[in-house]
Amino acid sequence: MTADHLVRARELLAAHPVVDGHNDLPWALREQVRYDLGKRDIATDQSADLHTDLPRLREGGVGAQFWSVYVRSDLAGDDAVSATLEQIDVVRRLAERYPADLRLAFTADDMEAARAEGRIASLMGAEGGHSINCSLATLRALHRLGVRYMTLTHNDNIPWADSATDEPAAGGLTRFGEEVVREMNRVGMLVDLSHVSADTMRDALRVSEAPVIFSHSSARAVCDHPRNIPDDVLARLAAGGGVAMATFVPKFILPEAIAWTRAADENMRANGLHPLDTTAVGMAVHRAFEAANPRPRATVATVADHLDHMREVAGVDHVGLGGDYDGTAFTPEGLSDVSGYPNLIAELLRRGWSDSDLAKLTWQNAVRVLRAAEDVAGELSARRGPSIATIDELDG
């Protein structure tokens with residue numbers, strides 16, 4: 001890319017800022033400082049500990065962020081629900097603490113209003129169906145609290161859906177899982193298919209009456225990792241009006257990084273740590289392993305390769321960005337934190353993406369898909385009331 005490309009990228013982002021589909025800052029705040037926002041004042045430079053702070057969000061041209069209200073899948077039952085509520089609470093506290101920069105957003109109109117005000121629209125996405133503890137009433141409660149997507153699984157299966165990184169058990173969605181998707185459609189919560197198995201993806205696309213998303217997944221044809229999206233699913237996603245938001249996690253985008261990361265994860269477990277631990281202790285173990293075992297390096301071009309393929313298969317109306325910052329120990333060169341988006345846009349400009357293509361990628365597609373989910377919810381809620389089905393009734 002050239003300096004001219006970077007200048008053009010920044011100009012484009014000023015008009016059409018990034019809607020990022022997935023950022024794990026809330027979990028990082030839980031793990032690092034137990035939600036003490038005074039100890040991680042994101043109005044100031046937090047680059048020693050986090051990928052995310054307000055100055056770098058501004059530098060990166062981020063105009064809307066889906067904050068992940070993720071909880072680890074080894075939390076279960078009411079413990080998972082309580083932890084999810086704590087995550088929601090910290091997102092709301094961030095918006096209250098930094099009102100000049102952040103605005104809570106629950107609708108597509110809220111996103112547009114935040115952009116007009118020069119604030120960052122702050123939305124929430126729950127990562128993993130374990131967060132609802134097999135309860136449709138809990139799903140509805142999370143929606144009322146502002147959660148606007150739910151990733152159906154995280155890294156482990158749940159009773160009603162298979163994960164991409166677990167052994168198949170349900171064969172996709174169970175009958176109750178299908179009912180979860182229908183109820184998400186009825187209330188206007190986006191169905192997020194990142195992390196789920198390919199069979200779960202296909203089942204959800206078959207059942208969903210609203211467009212679905214992948215909040216942070218890339219192309220399986222480019223990097224054959226089960227967390228990525230097969231081409232047939234990309235095509236079906238587009239047919240239904242959905243959006244696939246490319247992630248930047250090296251082990252999902254660079255084939256050479258898959259085996260290396262598997263070894264790094266095993267090293268973390270050998271040290272009594274969770275592979276996703278990004279606390280100071282966890283990062284020290286990561287860095288020591290990397291020093292002894294140099295890792296393959298993903299770059300801005302690696303991410304662009306995925307976006308090129310996703311655009312080719314699904315079309316430019318169905319691609320977006322979901323970096324997964326503060327949810328990964330490693331990032332690509334040029335995309336080390338949330339300030340890096342202009343580098344990616346500049347690379348895509350160099351490859352011939354037009355300004356209108358990039359406006360769709362960064363802002364328009366994500367806003368459109370949320371608005372479509374709202375429209376479907378209006379139609380469905382006029383025809384049917386809240387589901388009171390239980391997993392025991394439907395799945396035995």
Side-chain angles (χ1 to χ4, degrees), residues 5 8-23 57-58 60-67 103 105-125 148-149 188-194 210-219 229 234-235 237-248 303-304 306-323 338 341-349 351-377:
H5 288 133
R8 282 183 60 203
R10 294 189 186 283
E11 290 172 348
L12 188 143
L13 288 170
H16 304 285
V18 168
V19 181
D20 182 89
H22 195 86
N23 183 303
L57 285 167
R58 296 295 196 181
V62 177
Q65 181 65 68
F66 277 94
W67 303 108
R103 170 180 167 149
F106 308 112
T107 66
D109 284 346
D110 289 344
M111 296 173 74
E112 295 286 12
R115 180 174 68 150
E117 296 164 356
R119 293 195 283 173
I120 299 166
S122 290
L123 304 103
M124 289 180 277
R148 287 301 177 265
Y149 75 64
M189 186 184 289
L190 287 163
V191 176
D192 177 24
L193 301 181
S194 288
V212 307
I213 66 167
F214 287 83
S215 66
H216 59 306
S217 296
S218 292
I229 315 168
L234 279 170
L237 170 92
V243 174
M245 308 174 93
T247 191
F248 304 166
V303 177
H306 282 266
L307 286 167
D308 279 343
H309 182 82
M310 293 160 75
R311 181 179 70 162
E312 180 181 346
V313 176
V316 74
D317 294 315
H318 306 286
V319 290
L321 302 171
V338 294
Y341 292 99
N343 296 328
L344 177 58
I345 301 308
E347 172 64 15
L348 294 173
L349 283 166
R351 294 178 180 217
W353 287 52
S354 69
D355 288 4
S356 61
D357 290 342
L358 292 167
K360 291 177 178 181
L361 173 76
T362 57
W363 182 263
Q364 293 170 2
N365 291 344
V367 175
R368 173 187 54 76
V369 79
L370 181 57
R371 194 180 302 282
E374 294 165 11
D375 290 344
V376 169

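If you read the sequence from its start, that first residue is 1, and numbering goes on from there. Predicted model only: the values in this text are computed from it and were never measured.
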remark   = Residues Ala314 and Leu234: closest non-hydrogen pair is CB-O, 3.8 Å
inquiry  = How close do Gly60 and Pro342 get, counting heavy atoms only, and between which atoms?
reply    = O-CD, 3.6 Å
Exam field: side chain Asp20 to backbone Gly323, donor-acceptor pair closer than 3.5 Å = yes
request  = Starting at CG of Leu361, measure out to CG of Leu344 and round the result to the nearest 0.5 Å.
outcome  = 7.0 Å
request  = Enter the distance from Ile345:CD1 to Arg8:CZ here, rounded to the nearest 0.5 Å.
outcome  = 11.5 Å
note = So CG of Leu123 and CG of Asp110: to nearest 0.5 Å the spacing works out to 8.0 Å
task = Determine yes or no for a side-chain-to-main-chain donor-acceptor pair under 3.5 angstrom, with Glu347 supplying the side chain and Ala304 the backbone.
result = no
task = Test Val19 against Phe66 for side chain to side chain contact (heavy atoms under 4.5 Å, CB included), laying out the working first.
result = CA-CA 8 Å; Val19 181; Phe66 277 94; 4.2 Å; yes
key: Working for side chain to side chain contact (heavy atoms under 4.5 Å, CB included), residues Val369 and Val212   = CA-CA 8 Å; Val369 79; Val212 307; over 6 Å; no
request  = Return the minimal non-hydrogen interatomic distance between Ser354 and Ser356, and the atom names on each side.
outcome  = OG-OG, 3.0 Å
ask   = Taking the side chain as C-beta and beyond, is there a heavy-atom pair between Val338 and Asn23 under 4.5 Å?
value = yes
task = Tell me, please, which residues at least two apart from Asp375 pass salt bridge (charged side-chain N to carboxylate O under 4.0 Å, His left out).
result = none
query = Got a sec, which residues hit ring pair (Phe, Tyr, Trp, His ring centres under 6.0 Å) with Phe248, two or more places apart in sequence or on another chain?
reply = Tyr325, Tyr341
query = Between Gln65 and Ser122, is there a donor-acceptor pair closer than 3.5 Å when you use the side chain of the first and the backbone of the second?
reply = no
query = Step by step, would you call Leu321 with Val303 a side chain to side chain contact (heavy atoms under 4.5 Å, CB included)?
reply = CA-CA 10 Å; Leu321 302 171; Val303 177; 5.5 Å; no
key: Minimum-distance pair of heavy atoms, taken over all atoms of Thr107 and Leu370   = C-CD2, 3.7 Å
inquiry  = One pair to check against side chain to side chain contact (heavy atoms under 4.5 Å, CB included): Arg10 and Leu13. What are the steps and the verdict?
reply    = CA-CA 5 Å; Arg10 294 189 186 283; Leu13 288 170; 5.8 Å; no
ask   = For Glu112, what residues pass the salt bridge (charged side-chain N to carboxylate O under 4.0 Å, His left out) criterion, not counting sequence neighbours?
value = Arg115
inquiry  = Whether the side chain of Asp192 engages the backbone of Ser215 through a donor-acceptor N/O pair (distance < 3.5 Å, no angle test) should be reported.
reply    = yes
remark   = Shortest non-hydrogen pair, Val313 vs Ala235, comes out as CG1-N, 4.2 Å
query = Who passes ring pair (Phe, Tyr, Trp, His ring centres under 6.0 Å) against His22, sequence neighbours left out?
reply = His216
inquiry  = For the CZ atom of Arg371 and the CZ atom of Arg368, what is their distance to the nearest 0.5 Å?
reply    = 11.0 Å
Interatomic spacing from CG in Leu358 to CG in Leu12 - rounded to 0.5 Å = 5.5 Å
query = If you round to the nearest 0.5 Å, how far is CG of Leu348 from CG of Asp308?
reply = 6.5 Å
Considering all heavy atoms, the nearest His318-Gly242 contact = ND1-O, 2.8 Å
ask   = Tell me, which pairs form a salt bridge (charged side-chain N to carboxylate O under 4.0 Å, His left out) where one or both residues lie in residues 356-366, sequence neighbours left out?
value = Arg311-Asp357, Asp317-Lys360
ask   = With Glu11, which residues qualify under salt bridge (charged side-chain N to carboxylate O under 4.0 Å, His left out), at least two apart?
value = none
message = Check whether Ser218 reaches the backbone of Ala246 with its side chain - one donor and one acceptor, N or O, closer than 3.5 Å.
response = no
